[in-house]
Amino acid sequence: MNAELIVFIVYLAFMVGIGVFFFLRSKSGGEKGYFLGGRQMGPWVSALSAGASDMSAWVLMGLPASIYAAGLGQAWIAIGLGIGYTLSWLLEAPRLRRYSIAANDSITIPQFLTNRFLSKSKVLQVICAVIFLVAYTVYAASSIKACGTLFNTVLGIDATLAMYIAAIIIIGYTFLGGFSAVCWTDFFQGMLMLGALLIAPIFAVALMNAGEGAAAVQALPEGHLNLFTNWKDIASGLGWGLGYFGMPHIIIRFMSLRSDKDLKKSAKIGISWTALILIFSVASGIIGRLFLGEIADSSTVFIQMVRKLFPALISGLLLSAILAAAMSTADSQLLASASAFASDVYKPIIRKDKASEKEMFWAGRIVVLVIAVIAVLIAANPNSGTIMGLVENAWGVFGAAFGPVIMLALFWRRFNFQGAVAGILTGAAVDILWLVFLKGTGLYEIIPGFIAGLIVSVVVSLLTAAPADDVTAIFDQVAAGVEPEAIAAEETVSE
């Protein structure tokens, strides 16, 4: 226990050190530097940061727990995520990177959606910011809850106290280093997560082949290895992939890349990393069941397997991957919330574009603090649900609200501002109402929410005025592959 505690402390100190490094290295760079890294992220950092900010602690605790308890039928979640993530890199990333620059060098998703239509209205930015703040608070709660479970299981530390400690550390390096610190911590955390998920199941299989382990294949519950369970499990699992098209803290990594050349390399790295993570997360649930047999708390299957397999120093390092997964997602969510509030609400609406850079940064940092505190309170509530449940709720809202709208904004010339507003509101509302009143149907709420948001976006756009010529002109240039810097320069001259 002492050895594992020392490893955790060293790891957490390293994360804070990255934040201090970027704080000392760059005290300027403005709003784009703090919230988007100045669009100077390389392919490796962007790819692993996008993956690590996506694969929170649920990939080490929630998904293996679902596989352990319910069987291989839950692997459709991993299949859906793998397909969705691949398509987001191949279809969404290239167009979003170019279009966000062409659309007045937008640095947040709400800014892009507003600038895409050359709109002076702030309605869309405010709606997006509100959804961000609510959904990210729930999402961050899942990551902080995982930190509490880890420290409580491994070290016997009070779970609530552990949650506050984790939140303070995450706030610390996000405060100091902004987007660059978040991406670089995510890079190291992504490498650690992959290493842990590769090593633990492989070692467990080797020991079982040597005659160790608590169970055999024959001891598995009937149908545990059945992939094709029922259509609702399959549809709901595949529906998880829809979330990637509208997940702001992930797709903003596409906007931060230096060039299209880096984007292609980053896509190969990111897709490969995610495929391995998902495959071995599923394997951890199945192999954990074979190796450990029956355990009281299925969410600790990866923790117990690692502690049984390795001596304290190694288990401490591998279990730090859970911290890495939780922190790499929470920091991205906090920063996305901060940028949405500071850039899309505080600066243009509250301060009427009179806020200084320093004032903007502090407005964002205060939001980080507030969301983190509320997230800890949610996570500490015993009735808040499971880690996987919290992720599922937040993921559904984001995917349903923003997925259809962002894809239409990137690929449909006739799409207009009114359609975007209606689509976001409808997608979010249907997702939440389905969760509250129709959860018992067994169908994941992101599916009806996404479909409703898509239909309403198209119908409202067709029933209202077509976008202006200058809006479609930018769309045509982006679609034709014109360099975004050239489009932005042309807009400046015309103004």
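Only a predicted model underlies this, so the values are computations on that prediction, with no experimental measurement involved.
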Between Val123 and Ile127, does the side-chain contact (heavy atoms from CB on, under 4.5 Å) criterion hold? Intermediate values first, please. CA-CA 6 Å; Val123 171; Ile127 292 172; 3.7 Å; yes
Which of Ile314, Ile303, Val7 passes side-chain contact (heavy atoms from CB on, under 4.5 Å) with Leu319? Answer is Ile303
At their closest point, which heavy atom of Ala400 faces which heavy atom of Asp431, and how far apart are they? CB-CB, 3.9 Å
Side chain of Ser384, backbone of Ile378: donor and acceptor closer than 3.5 Å? yes
Side-chain heavy-atom pair Tyr85, Leu278 within 4.5 angstrom cut-off: no
With a 6.0 Å cut-off on the ring centroids, do Tyr444 and Trp76 count as close? no
Begin with the C-alpha distance, continue with both residues' side-chain angles, and end with the deciding distance and a verdict on side-chain contact (heavy atoms from CB on, under 4.5 Å) for Met255 and Ile109. CA-CA 9 Å; Met255 297 162 59; Ile109 296 302; 3.7 Å; yes
Scan residues 270-285 for pairs that pass salt bridge (charged side-chain N to carboxylate O under 4.0 Å, His left out), counting only residues two or more places apart or in two chains. none
With sequence neighbours excluded, give me every salt bridge (charged side-chain N to carboxylate O under 4.0 Å, His left out) pair touching residues 67-89. none
Applying the ring pair (Phe, Tyr, Trp, His ring centres under 6.0 Å) criterion to Phe398, which one of Trp240, Tyr136, Phe450 satisfies it? Tyr136
May I ask you to decide if Leu438's main-chain N or O and Thr441's side chain share a donor-acceptor pair within less than 3.5 Å? yes
Flag the pair Ile424 / Leu113 as yes when at least one side-chain heavy-atom distance between them is below 4.5 Å, and no otherwise. yes
Give me each pair satisfying salt bridge (charged side-chain N to carboxylate O under 4.0 Å, His left out) with a member in residues 443-454, each pair once, sequence neighbours excluded. Lys439-Glu445
For Leu263, is there any backbone N or O sitting under 3.5 Å from a side-chain donor or acceptor partner on Ser266? no
Test applied, ring pair (Phe, Tyr, Trp, His ring centres under 6.0 Å); reference residue, Trp395; option that passes from Tyr244, Phe402, Phe245: Tyr244
Hey, does the side chain of Asp233 reach the backbone of Thr229 with a donor-acceptor pair shorter than 3.5 angstrom? no
The reported gap from CD1 in Ile451 to CG in Leu454 (rounded to nearest 0.5 angstrom) is 8.5 Å
Between Ile295 and Tyr68, is there a side-chain heavy-atom distance shorter than 4.5 Å? yes
Whether the side chain of Ser142 engages the backbone of Tyr139 through a donor-acceptor N/O pair (distance < 3.5 Å, no angle test) should be reported. yes
Residue list, side chain to side chain donor-acceptor pair (under 3.5 Å) with Thr114, at least two apart or on another chain: none
Got Pro448 and Leu443 here, is their nearest side-chain heavy-atom distance under 4.5 Å? yes
When rounded to the nearest 0.5 angstrom, what distance separates OG1 in Thr160 from CG in Asn381? 10.0 Å
Test item: Phe310 and Leu317 side chains (from C-beta on) under 4.5 Å apart, heavy atoms: no
Just by modelled atom types, is the Gly73 backbone N or O under 3.5 Å from a matching donor or acceptor in the His224 side chain? no
With a cut-off of under 6.0 Å to the ring centre and 45° to the axis, is Arg97 in cation-pi contact with Phe254? no
CD1 on Ile371 to CG on Leu133, rounded to 0.5 Å: 5.0 Å
Within-4.5 Å side-chain heavy-atom neighbours: Ser284 and Leu197: yes
Could you work out, with side chain to side chain donor-acceptor pair (under 3.5 Å) as the rule, every residue matching Thr137, not counting sequence neighbours? none
Distance check, rounded to the nearest 0.5 Å: Ser299 atom OG versus Leu63 atom CG? 13.0 Å
Side chains of Ser88 and Glu92: do they bring a donor and an acceptor to under 3.5 Å? no
Taking everything shown except Phe8 itself, do over 12 heavy atoms lie less than 6.0 Å from its CZ? yes
Under a 3.5 Å distance rule, please check whether Thr274 uses its side chain to pair with a backbone N or O of Gly270 as donor and acceptor. yes
How long is the gap from CD1 on Ile252 to OG on Ser106, to the nearest 0.5 Å? 10.5 Å
Is there a side-chain contact (heavy atoms from CB on, under 4.5 Å) between Phe291 and Lys308 once you walk through the steps? CA-CA 10 Å; Phe291 185 69; Lys308 192 170 182 178; 3.8 Å; yes
Between CG on residue Asn152 and CG on residue Leu161, distance to nearest 0.5 Å: 10.5 Å
Do Ser315 and Leu309 make a side-chain contact, defined as non-hydrogen atoms from C-beta onward lying under 4.5 Å apart? no
Verdict with reasoning, Leu390 to Lys145, per side-chain contact (heavy atoms from CB on, under 4.5 Å): CA-CA 10 Å; Leu390 290 169; Lys145 190 182 189 77; 4.1 Å; yes
Do the side chains of Phe112 and Leu96 get nearer than 4.5 Å, heavy atoms only? yes
Trp434: which residues meet the ring-ring contact (aromatic ring centres under 6.0 Å, His included) condition with it, sequence neighbours left out? none
